[in-house]
Structure formats: C-alpha cells, structure tokens
*Asks:* 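I have a structure I would like to understand better, so I am pasting it below and will then ask my questions one at a time.
The chains referred to below are lettered A, B, ... by the order of the sequence lines, with proteins before strands, and numbering in each begins at 1. Bear in mind that the values here come from a model prediction, so they are computed numbers and not experimental data. Atoms considered below: every heavy atom in the structure, side chains included; atoms not considered: hydrogens, waters and symmetry mates.
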Amino acid sequence: MEYQFREIEKKWQNRWKENGAYQVSHVSSSPKFYVLDMFPYPSGAGLHVGHPLGYIASDIFSRYKRLKGFNVLHPMGYDSFGLPAEQYAIEHGIHPAISTDQNIANFRGQLDKIGFCFDWSREVRTSDAGYYKWTQWIFLQLFDSWFNRHERKAEPITKLAAAFAATGNAHHECPGDRSIIFSASEWHEMSHERQQGILMEYRLAYCGHGEVNWCEALGTVLANDEVVNGVSERGGHPVVRKKLRQWYLRITEYADRLLEGLNTVDFSDSMKEMQSNWIGKSFGAEIDFDLENQDGLPLSLKVYTTRPDTLFGVDFMVIAPEHELVGRLTSDGQKKDVEEYLHYVNSRSERERMAEKKITGVFSGSYCIHPFTGGRIPIWLSEYVLAGYGTGAIMAVPCGDERDFKFARHFNIPITNIIGEQYDGEEANPTKDAILSNSGFLNGMVMRDAIGLVIDTLEGKGIGKRRVNYKMRDAAFSRQRYWGEPFPIVWKNGVAVPLPLDELPVTLPEMSELKPGPEGEGPLGNLQDWKQHGGGTREVNTMPGYAGSSWYFLRYMDPDNGKTFCDRSASDYWGQVDLYIGGTEHAVGHLLYSRMWTKALYDLGHIGFDEPYRRLVNQGKIGGDSRLVYRIRGTNTFVSAGLKDQYETDELHVDVGLVNGFELDTKAFAKWKPDFANAEFVLEKEKYICGGRLEKMSKRYFNVVNPDDIVERYGADTFRMYEMFLGPVEQDKPWDTKGIEGVHRFLRKLWRLFEHEEKGWILKKDDPTDAEWKVLYRGLRKAEEDTERFSFNTAVSSFMITVNELSDLGCHKQRILEKLLIALTPFAPHICEELWHKMGNPGSILNAVFPTIETRYLVESSKAYPVAINGKTRTEINISLDADQKQVEAIVLEDEVVKKWLEGKTVKKVIYVRNKMINLVV
RNA sequence: GCCCGGAUGGCGGAAUUGGUAGACGCGCCAGACUCAAAAUCUGGUUUUCGCAAGGAAGUGCAGGUUCGAUUCCUGUUCCGGGCACCA
C-alpha cells in the first residue's frame, strides 16, 4: 500500500476529536506551557495559504512541548467585532452577527483540515455576550481606577476621592489638566457634577474630546485607511477633522512601566525598539515666552523642547494650526492668510501632514520676546507641529534642526548660528557636542553640558520647567460604530454613571439598518427607546477592536466562567503566555494595549503577573506570485510574454489556478470569464507564457492560493511541512505551489522505510548499527535544536537528510524508525500516528516521549580540515581532533597540494582553529 | 517624513559565536526502469576560462577592520512593513 494521506488524515482527525486529544486542564502536576496565536479576525475572504503560517509554527511548537512533558495550553478563538462586518452589513443588508457566524464556520472548516491541536473547548468570540460582559467589566475596572504616581500603580478611584476630601489634590497632580488645583475645603464646596468632572480627569478610562476624520456626506467618522487623499474611500466625499466627545484609556500613565517591562520580556530588539519609539520618552524643558503684545493680559507661549541648550539659536516659533492661541495671536493683517491656511490644514489627515515633504506655513503676525536677549521672535503656524505632542508649540532653531532649517530657508527667515564652524550654512547640524557661541551666558560651553544650566536658570526665573514628555498619547477608546461592545455607562446630568455588575452584559441591541446616528453618534444613537435607561441616557458609542483582544489570553484559561472573567486558580496556573506568535503589524497597537490592561488588572489584584507575553515571535507574510497576460490594445488577442514587446499591450492579472508554472491553460482561460470566450492567442513555441510578479496575496490579483486545495491534493502533513520549509517563520516569502512536491516526496519516502510497494511491510526488529544510530541522532539533535530556536525550515531539511541517509543505508529497523516518528510528530502528526499504530504501538504518539539523544554515537575523532593559503581554501586534510598546533603544522606542511602552493614562498604563520579550519599566511 | 525590517545560484532558502558560501528542496539537464507515460531511482547543475587537470570571480553597491567577512564597522541604493478609527 502506498501512503494514503486522505484516509489517514481524516481517520486521525476524527479519532483525536472523539478522544478529546487536545483538551487540557489547569489541574495538572505537569509544568505548564502556554502557546498563543494572535487573535484572528474572521474575514469573509477566508484563509489563504499565508494565514496559517504562524498557526502551523505554534502548533508544531505546542506538540513538541507536549512530547517534552509539558501541559500545553493552545487555544484559538475569534476577534469577531470589527469594521468590515459592519461595512458588509451596510452594503449587503446582512446583519454582522450573521455574516460573522458564517465567516467563523468557514474559517473553522479551513483550520480543521490542517490538523491543528487547538483545544476548541476553550474557543472564545469577542462578540459573544458571555465574553464581552467581561470586556465591559474590565472597562469599568479601568473607569473606577486612577494611576497613583507615587505608588506607580492603579488604585480604586474611591481612594483618590478620599485623598481629595482630606488634602485636596496637592499631592496628586491632575494628569488630564495640570491647571486643576484645589484644596480639601474647595473640594467639599464643589457640586457633585464638578467633583465627578474632576475625577474624570484622573480615571484610567475617561471621557474627553478628540479629533476624528469626519465625513459630513456619510455622516460618520472614518478610519485613517478609509480616507484617501483627503476624501472618503467610499464615495469620494470630503473629510475634515472634527472634535467629538470620545472615551480614552489613560495609557500615558503607564508609559514608564510599559518601557521598563520591555526588559523583562523576550521580544525581538526591533519590536522593543518600535514600542519604545512609540512611547517616545524624551527629556527636556517647557519654556514660557512672553508675548510682545500683551493686550493688558499677561500671556505667554509655552513651548516644549528637548534642546534648551539651543535657546539662543531661536529664530522663530511654530505653533500647531490647532493651537488654542491661534485666534489670539493672529494679527488683523494676517487674518486672511491664516484662515486660508487653517482651511487647507483641516482637509488633511494627520498622516498626510507628517509624511509631507512640502513646506507649508503662515505667519501669525505676532511676536514673542526672548527671555534673555529681549529680541522679537516671530510666531508662525505650520502643520509640521502637531497639537497633540508636547505643548503644540516649538521654538525653532534652524542651525540645529533639519525641519526648522528647511522652514527658515523656505520663508527666508534669517538664521542665527550658535555653533560656530559646526554649522556650514548648507544644512542643520543636530550635534550636542559643539561649543556654543552667540549664546549669552552659555558662550564657550559644550551644548550637552549647557542643557542642565539653562533649565536651572529658567526654573530660577520661573519661566521654565524640567519636563519629561511622551510621544504616546492616550488611546482613543470609543468608536461611532455599531459592531462593537456597548459601554456599560449611563449619562445623568453630564455625569457618566457606571452600570452595576448585575446589569452586565449590556447587550448590543438588534438593529436592522446601521445608518449613523445624529450629531456624529454611531448607529445606536438612533435607538431612542434603548437610549433611555435608568433615569439617564446610555452611552451610544461602542468600544474599539482592541478592547476584546486586550485580554482574550486570560479568558482562554477559564472560558466558561460566568462568575468572573478568569478564576484566579486558572490564571495562577497558566500564567503568562510563554510563546506568542503573530505579525509585526501589531507591534505597537495591540501589544501595548494588552500590556497596559494586564498591568492594570495586576495592580488591582485580579491576576498575579503584569506582563502578558513572555516571548513574542513575529511571523512573516507569504506573498502571492501573480500571473499576467498581455492583451493587444483594442483587441481580444493575447500575446505570450516573450513577444509582448512587439505590440502595444495592456497587462491583466490572470487566476494562478489557470496557469501551470508560467504556461497558461488557454482553454481554461477562455472559460474563465465571458469576455475571454473568444480570446485569441499569439503563442511562442506552441505555448502561451505568462508574466510573473510577486505581490500581496489578494483576491484582486487572482493570486490567492487556498489551503483547502493544497490539503486536498497533498494532505495536511505535506502542507504543514511545506509552509515551514519555505523559509524562516519570521521572514516574508513568496508562495510557490510547485515546490511542495519535494516535501510530499519526503513523506512518501518516509513511508517506504516501513512499507515496500511489492514486499509490503518491511519493518525489522534487528539491532541497529552504530552508523544507523549516528544518522538518527545527528538528525534528531539538529531537528531538536532547530525547533527550540524556531528554525523550522532547517528542522524539516534535517528530517529530509535523515530519511535520505536511512534509505541509503537500507535501514528499516523499528528501534530507529519509532524514534524518528516521535520527533517528526509535531510536524506531520497524521502520518506519524498512522505508522505508530501500524507498528503495533498502543496509545497515541501524541503522548509519546521525545527521544533522548545518545551523544556517544555522535563523537568524532577526526575532522577533514579545510586548508587555506592566504585565506583561499586549497585542499582538505583529515587530522585527528586531538592534534596540537605543532602536529598540525607538521602534517600540513608535508601535504603535496600544500607544498605545490608554497613553492618559492615562506610560511609566516599557521593559523589553526580546532575543529574549524587551518590557514597558512605566506 | 519618521520608525522597523530585508537584499546570497534560474527559484525558496542554508551557513547557530568571524572560519570550507550555496545544506535541503524546487526547476532544469542526462541516464535507468517502461510499449509509452506517470511514479520511482542514479548522476549533474553559482558564473566564467579550460578537452581535462586546474584556475579566476562571486553573498544589492562603494569602502574599511581582520590571517580570514554573507557575518563586524562606515556610507549608499533598492524593496517590504508600521505610523494611533482595518484588524
């Protein structure tokens, strides 16, 4: 019998399901290991071969750890709230709940065919009320908390209110608004509403106002990627920035802990760097510049700078177009220009503003006064200064800052040089090591050393302050959408009142039509009856996609618990995720949010660890290999790729399923679309050859390869191994269906070690030879090392080498092959289980023990050393590993080939690195 | 624009700590088996010069460090990802 993968895989998938082979419990005496894949969004497009890449890697690792004796938690579920389902509902009139269920069923069917070891009894869906009840509950935990900066942790808000009643807020600077300062007696005199307003400025989940992409024509808020070139992607309507009431998470309070936590986790350096850049901690100063024209009121412009040492190089100020003083600073003469500029800026997204190379700006007409020189400094507006960062105003030092320099050049603003020869007048020099000149009391100092002195001096004069700043902003936590978690909040007299636990979950009400609500509200705003609740008005925004995904790793530990989000005994046992696999696209957003939620839950005593993911591995993407055909313009004639330059052609994507390698199946092509039914072809060598291009795997390029088809043709084991064999998990790589044959041949070759086509079952009980043991253990050692370091592609190749060598040796011995099978199980579980049983083993190979490598078979006594002369390898000499420098020199210099190369030259030095190489320097 | 990656044969990739560049697989070429095909097996396959033996060049590009660099350093080009309401 040949290798019948279809029957084998079906049989074992059913058997494993019946036996609950993948169900685990936290009541166990084995050490735990938690392997998690990033929460998938069940998209309607279904899986293509790129999606399971990370799942296969994590599946292999889970199975491997199980063979190593660990109790492995490996769950899967769905991040099933999200914009696409809502969009689909709007366009097709199908309720998101229905399309989501369909998508999930689809998704699950595709996953099942690949033979994953997920414990499906733990499946969670963020859109299930049983799940989002606890998302809402955690939100209320955050709402009911504030961040105590002295303790550096979250605490119940009641503790803060008690502190206010006792001592006012003198010890607890208001993070939302630093200008809020009050005493205990003032606190007592405040109205309830005012008190709640102040507490809101402290809460970890709070309500404030923020700018969104507003599309008047659609009556809705748009995501950045729904905005293209300043207009909506749907319909091309104008989009402007608009301020709306929004919920936020005060993640900025956790900035330092998020930064420090990076030292305790095993993420790639680039990942850590991306996160710390996002947090963007910087040290500098806030400086107040008096305005020239005070208009009777003392008024100053507050700027933030990381380079106070350059204070004497300030040639102008730049404020963000949204800065609160814009109106006040605009002179009558400049009014028209400023208004025009604001209109222009308002039409641009933040991303466009940051990416813009073009220099834009406008003079406000006002000046401020340099605190030391008394000079007049013009105040400009420009979009390169963002309102959300620092104070929304900068002091521009063109000789030291590239953007300031370009701005000054563009608007002909004279540049002051404070760094002497270090500034060449051609470009800015951001050095900190220059000696200052033209800098008053700083003259002669090295810039680096002047920073502290400037700040001290400014603080002494009361016009500046040392300030740590973060680029990270508080995370917007509300969406004007339907398909998300409703907030468990009711508004009464402008005060947000949390609903009690027994009213959770606040279920998402049924709606037949998802059109935007009034005044920028989401669809829920249309439900007048639902809105009225408990003597107030419900919050009608919903939570964003990352709400449910910020804590799902906890719910997997205890998915059915109706009393709490996750029982402490479960979270204490499973603890941190030991291995988290997902794409780099989540580098900042999702990972920072879930890290913050974990820290807050830890602070409040709900879990026992404050970092969710111990180790993170980023999988790469699999690209599509598109096929192109060339239609002669204005005709229905297609010309083969090699001849296309002889014609004027248009390039069209053709479905990769209609192409074998590069050769088009012209008959299938004619049937593909009605337009092509009468297509004619200009062939080369009797064939139509397509063009090729590597690009994203996407329906629109017709280059999507469905894993179902591959599994049907080659089996899940082949598919799994091939995905790994393609290259390093972390790397992006193109898909090439042709290459899969090699892996499939490998599995057939493995099968033939057990069963001969004609002779039948040929397994022998004989004792293996040393050579056979050596082949086995060398292969297993490599496979084990490679698996440990996530190098699955080389692990697969080491299995190939092992099977090739065992075949060459004619080894059909049970004692060798059963060890090989166990080690291969994580990669190809079905075939291994089948052969394991055919060998007569009781029980499942899933529960076998990973073989111990017997190193005594691997000891080498000599090595074929490469011998190089001046770094160029000339020959190879077999020398004992015990040889010392002298012996090696003697052997090498006697060698015929070496002698030939040394003719007429003297050997200066012999470099001998044991077990590596020998190099003669002549 | 800012941040993070990447670049090695015809193709995917290997080389784990600075030590034989191209493992393994695809593709291609030749051969065996076969009426034939498929499957399978055997050999070859970086480029270039050479009948061969053998030589030269070679890891995006330009330099540097070193006995020795795909690996470390400096500069540079191109490609991919992220940039806060896609998830």
Side-chain angles (χ1 to χ4, degrees), chain A residues 2 38-41 43 79 81-84 87 212-213 221-227 246 268-271 273-274 276-278 280 350-358 384 388 402-403 472-476 478-481 544-546 549 583-590 592-593 618 620-621 623 625 661 694 696 722 725-728 730-736 738-743 745-746 748-749 752 757 782 785-786 789 791 793-794 796-801 804 864-876 908-911 913 915-922:
Chain A
E2 260 192 74
M38 279 187 190
F39 224 10
Y41 176 80
S43 121
D79 192 7
F81 273 136
L83 200 49
Q87 204 52 51
V212 294
N213 298 313
V221 176
L222 298 176
N224 276 338
D225 45 304
E226 294 178 297
V227 183
Q246 298 283 349
S268 69
D269 288 344
S270 61
M271 182 63 47
E273 208 173 323
M274 275 192 261
S276 38
N277 287 340
W278 179 267
E350 197 162 336
R351 190 174 315 173
E352 284 174 320
R353 284 173 57 176
M354 286 189 292
E356 190 55 80
K357 287 183 200 174
K358 197 171 73 185
Y384 81 90
E402 196 55 41
R403 282 188 304 187
M472 181 167 68
R473 309 199 292 257
D474 281 340
S478 45
R479 302 290 183 260
Q480 289 67 45
R481 306 281 184 185
Y546 65 84
S549 60
T584 43
E585 65 271 24
H586 300 287
V588 281
H590 160 64
L592 282 176
Y593 300 136
N618 294 111
K621 290 189 182 31
D625 192 1
L694 296 177
K696 212 171 103 176
Y722 184 55
F725 188 63
L726 274 178
E730 295 94 331
Q731 199 171 300
D732 289 351
K733 48 208 167 277
W735 175 265
D736 171 22
K738 272 216 149 161
I740 200 170
E741 300 276 356
V743 174
R745 265 177 220 143
F746 156 76
R748 283 209 303 256
K749 195 164 181 179
R752 287 200 305 273
E757 229 176 302
K782 176 96 172 97
E785 284 170 3
D786 289 351
R789 68 187 176 94
S791 179
N793 55 330
T794 54
V796 172
S797 83
S798 87
F799 282 118
M800 288 175 169
I801 293 168
N804 286 345
Y865 281 92
V867 179
I869 287 137
N870 279 346
K872 284 194 198 300
T873 306
R874 296 302 180 186
T875 185
E876 211 170 69
K908 279 193 209 146
K909 200 171 165 188
V910 177
I911 291 155
V913 183
N915 207 11
K916 292 284 184 196
M917 46 60 71
I918 295 159
N919 187 19
L920 307 184
V921 186
V922 298

*Asks:* Look at A:Arg745 and B:C26 and indicate whether a side-chain polar atom (N or O) is within less than 4.0 Å of OP1 or OP2.
*Replies:* yes
*Asks:* Could you give the distance separating B:C3 and B:A84 at their C1' atoms, to the nearest angstrom?
*Replies:* 14 Å
*Asks:* More than 12 foreign heavy atoms under 6.0 Å from CG of A:Asn915: is that the case here?
*Replies:* yes
*Asks:* Checking all strands, does A:Ser791 fall into the base, sugar-phosphate, or nothing category for heavy-atom contacts under 4.0 angstrom?
*Replies:* nothing
*Asks:* Parallel, tilted or perpendicular for A:Tyr546 and A:Tyr593, by the 30°/60° rule?
*Replies:* parallel
*Asks:* Between B:C67 and B:U16, how many Å separate the two C1' atoms, rounded to a whole number?
*Replies:* 24 Å
*Asks:* In whole angstrom, give me the gap between the C1' atoms of B:C35 and B:A30.
*Replies:* 22 Å
*Asks:* Please state the P separation for the pair B:G81 and B:C26 - nearest whole angstrom.
*Replies:* 31 Å
*Asks:* Taking O4'-C1'-N9-C4 for purines and O4'-C1'-N1-C2 for pyrimidines, is B:G13 syn (within 90° of 0) or anti?
*Replies:* anti
*Asks:* I'd like the C1' distance from B:U20 over to B:U46, given in whole Å.
*Replies:* 16 Å
*Asks:* Rounded to whole Å, please give me the gap between NZ in A:Lys733 and P in B:G25.
*Replies:* 19 Å
*Asks:* What's the NZ-C1' distance between A:Lys749 and B:C41, to the nearest Å?
*Replies:* 9 Å
*Asks:* Describe the nucleic acid contact of A:Arg481 in one word from base, sugar-phosphate, nothing, applying a heavy-atom distance below 4.0 Å.
*Replies:* base
*Asks:* Please report the distance separating the P of B:G22 from the corresponding atom of B:U77, rounded so that it comes out in whole Å.
*Replies:* 33 Å
*Asks:* Can you measure A:Asn804 atom CG to B:U40 atom P for me and round it to whole angstrom units?
*Replies:* 13 Å
*Asks:* Quickly work out the A:Glu741 CD to B:A38 P distance and round it to whole Å.
*Replies:* 12 Å
*Asks:* Using a cut-off of 4.0 Å on non-hydrogen atoms, how would the nucleic acid contact of A:Trp278 be classed: base, sugar-phosphate, or nothing?
*Replies:* base
*Asks:* OP1 or OP2 of B:G6 versus the side-chain N and O atoms of A:Gln731: is any pair under 4.0 Å?
*Replies:* no
*Asks:* On a whole-Å scale, what distance lies between the C1' atoms belonging to B:G13 and B:G18?
*Replies:* 22 Å
*Asks:* Got a donor-acceptor contact below 3.5 angstrom from the A:Asn618 side chain to the A:Glu730 backbone?
*Replies:* no
*Asks:* Could you work out the separation of B:U65 and B:A14 based on their C1' atoms and round it to a whole Å?
*Replies:* 26 Å
